Amino acid sequence: MKVTPYSENCGAVVSELQLATLDDNQLAELRAVFAEYGLLFFRDQDLPPQEHLRFAQRFGTIVVNKFFKTSEESPLIAEVRKEKDQQTNIGGGWHTDHSYDEIPALGSILVARTLPTSGGNTQFANLAAAYDAMPDDLKKRIEGLRAIHSNKHLYGENGLYRLTDLASQLGGMDRVGDATHPVVIRHPESGRKVLYVNPGHTIQFEDWDFAESRKLLDELYMHVAQPQFTCSFNWLPGSVTFWDNRCTWHQADNDYQGQMRLMHRITLQGSELAAA
Ligand SMILES: O=C(O)CCC(=O)C(=O)O
Ligand SMILES: [Fe+2]
């Protein structure tokens, strides 16, 4: 397999590899590359739903999203669907998947199924690189903090998504909940320090005033969203993206109104996150 960095700090393209047919040695190599980059892009893959499942199960343990509709092909595959006449998309703001769970997701494997003629990119950010580049005084200010992550404001009663035309696709209103995690985690595989807060799910710092929390969170978010830590991936038929939810953010562009877009997502279970 060939590994080519995608941009300065954001992702790598893995080529000369088919995810459906990789052997055990290639899988081991891929694990190491995944730990190094935290964000992998694949082109020209032949990965029908059963092969998507098989690759995910070889890599880890599947965890099912509590809110998204699942695909016809399998209850383990979540649909990231936007209909032609739908305005709101799933994941349109910076976030990382499942940070509201006590045991957050390791990663998500997203496969393009139906794409708009143009637009519909996914943007990513590298939270390990962003942490490393933080000014020392900012690192000091977040040392030892924990943050509360939730999904109630999105998927609970009157949650943001419930008030949009996405609502009919969503279930799980009674499955909302919170979790707290360290603000700086030690990545379980790479050993790197990572900033683990995200605009979609992080509510506030534990034992802090809400308004004070927002101020510092916004400062952190401004730092991460800079071009040197982010990239944008243009989907083509056969594209697959595999991101590590412990050290990346992502958001889906919503710039293809009037066209349909359908992706299949499988999410892998992670482990409890430890402070760095
Ligand atoms: O549709 C996309 O590009 C990404 C949506 C998203 O947030 C996800 O699949 O987790
Ligand atoms: Fe997402």
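Values below: every heavy atom of this structure, side chains too, minus hydrogens, waters and symmetry copies. Note that ligands are numbered from 1 as they come in the structure, with each ligand's atoms numbered from 1 the same way. What you are looking at is a predicted structure, and each value in this text was computed from that prediction instead of being measured.
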Verify whether one side chain among Asn151 and His98 offers a donor that lies under 3.5 Å from an acceptor in the other.
no
Would you check if the side chain of Trp249 reaches a backbone N or O of Val197 as a donor-acceptor pair within less than 3.5 Å?
yes
Taking the side chain from Arg175 and the backbone from Phe67, do they hold a donor-acceptor pair closer than 3.5 Å?
no
Within less than 2.8 Å of the Fe ion (ligand 2), how many protein N/O/S atoms are there?
3
Going through the distances and angles, do Phe41 and Phe242 end up as a ring pair (Phe, Tyr, Trp, His ring centres under 6.0 Å)?
CA-CA 7 Å; Phe41 302 118; Phe242 185 9; over 10 Å; no
Heavy-atom closest pair (Arg261 atom, Trp235 atom, distance to 0.1 Å) is NH2-NE1, 3.5 Å
Using 30° and 60° as the class limits, which term best fits the ring planes of [X] and [Y]: parallel, tilted or perpendicular?
X      : Y      : value
His181 : Tyr196 : perpendicular
His264 : His52  : parallel
His201 : His153 : perpendicular

For ligand 1, what are the residues with a heavy-atom contact below 4.0 Å?
Val80, Ile90, Gly91, His95, Asp97, Leu110, Thr122, Trp243, His250, Ala252, Arg261, Arg265
Look at Glu83 together with Arg81 and state whether they make a salt bridge at an N to O cut-off of under 4.0 Å.
yes
